[in-house]
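The next block holds one structure in the form of structure tokens; read it before the comments.
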Amino acid sequence: MKVKYYDIFGLRGNIKMSVNPPQCIVDADFCIVMGGKVFQWVGIGWTEIRDATPKDDETLPLVLIPHCSHCKHYDVMKDKTMYCFKTHKRITARKKPCKDYSEQ
């Protein structure tokens, strides 16, 4: 199962997990897989438990961090370059997606 980054961290950090965590995280004993590591929510924040194993990828929620390649405006051109149809430009992957980022 996959969970979006903003479903866990919201717009203001860890407040969303304290108030209304997603049900799949509650069912997984408040554990997630993010960046190849397993993290667990302990009430005041996330603590790293261990490196993720292939079994963890199947049983625990995987956090998807927003990336340009997940955007609905993104496409790959014939010459293997990334292209944004919203801005009509060739793009490179950014650490933070642009203001037009949308997954649906």
Side-chain angles (χ1 to χ4, degrees):
M1 69 201 99
K2 296 179 180 176
V3 180
K4 293 180 184 175
Y5 183 83
Y6 293 116
D7 288 343
I8 296 173
F9 296 101
L11 297 175
R12 298 206 159 90
N14 294 328
I15 295 173
K16 186 156 187 154
M17 275 301 297
S18 299
V19 178
N20 188 17
Q23 187 61 40
C24 64
I25 295 176
V26 174
D27 294 341
D29 196 29
F30 293 93
C31 290
I32 58 170
V33 176
M34 183 169 63
K37 307 249 184 222
V38 176
F39 291 89
Q40 185 172 24
W41 178 259
V42 291
I44 59 170
W46 292 100
T47 58
E48 182 181 327
I49 299 175
R50 64 182 184 280
D51 290 338
T53 63
K55 185 179 178 189
D56 291 331
D57 291 338
E58 297 171 3
T59 57
L60 299 176
L62 176 66
V63 177
L64 290 178
I65 299 172
H67 188 269
C68 295
S69 63
H70 301 148
C71 183
K72 71 177 184 179
H73 305 293
Y74 164 84
D75 199 11
V76 178
M77 304 307 287
K78 290 180 183 177
D79 60 352
K80 305 285 193 258
T81 57
M82 297 171 66
Y83 187 79
C84 178
F85 285 101
K86 183 73 173 180
T87 60
H88 302 288
K89 295 181 182 178
R90 276 193 259 163
I91 60 171
T92 58
R94 300 176 176 100
K95 289 187 179 181
K96 289 186 177 180
C98 68
K99 63 181 179 175
D100 298 317
Y101 178 82
S102 175
E103 290 185 6
Q104 276 114 21

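Just so it is clear, the model here is predicted, and its values are computed rather than measured. Excluded from the calculations below are hydrogen atoms, water molecules and symmetry mates; all remaining heavy atoms, backbone and side chain alike, are included.
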Can you tell me if Asp57 uses its side chain to pair, donor with acceptor, with the backbone of Pro54 under 3.5 Å?
no
Run the numbers on Phe39 and Val63 for side-chain contact (heavy atoms from CB on, under 4.5 Å), then give the verdict.
CA-CA 11 Å; Phe39 291 89; Val63 177; over 6 Å; no
Where the side chain of Thr81 meets the backbone of Met77, is there a donor-acceptor pair that is under 3.5 Å apart?
no
For residues Ala52 and Val33, report the shortest heavy-atom separation together with the two atoms involved.
CB-CG1, 3.9 Å
What pair of heavy atoms forms the shortest contact from Gln40 to Asp29, and how long is it?
NE2-O, 3.2 Å
From CE (Met82) to NZ (Lys89), nearest 0.5 Å:
14.5 Å
Which heavy atom in Asp51 sits nearest to a heavy atom in Lys37, and how many Å separate them?
OD1-NZ, 2.8 Å
Are Ile49 and Trp46 connected, step by step, through hydrophobic side chains (Ile, Leu, Val, Met, Phe, Trp, Tyr) whose heavy atoms are closer than 4.5 Å?
no
Under 4.5 Å between any side-chain heavy atoms of Tyr83 and His73, yes or no?
no
Same apolar cluster (I L V M F W Y, side chains within < 4.5 Å links), Met34/Val38:
no
Indicate if Val26 and Ile32 have the same hydrophobic cluster label, given that clusters are the connected sets of ILVMFWY residues with side-chain heavy-atom separations under 4.5 angstrom.
yes
For the student: nearest non-hydrogen atoms of Cys24 and Pro61, plus distance
O-CG, 3.8 Å
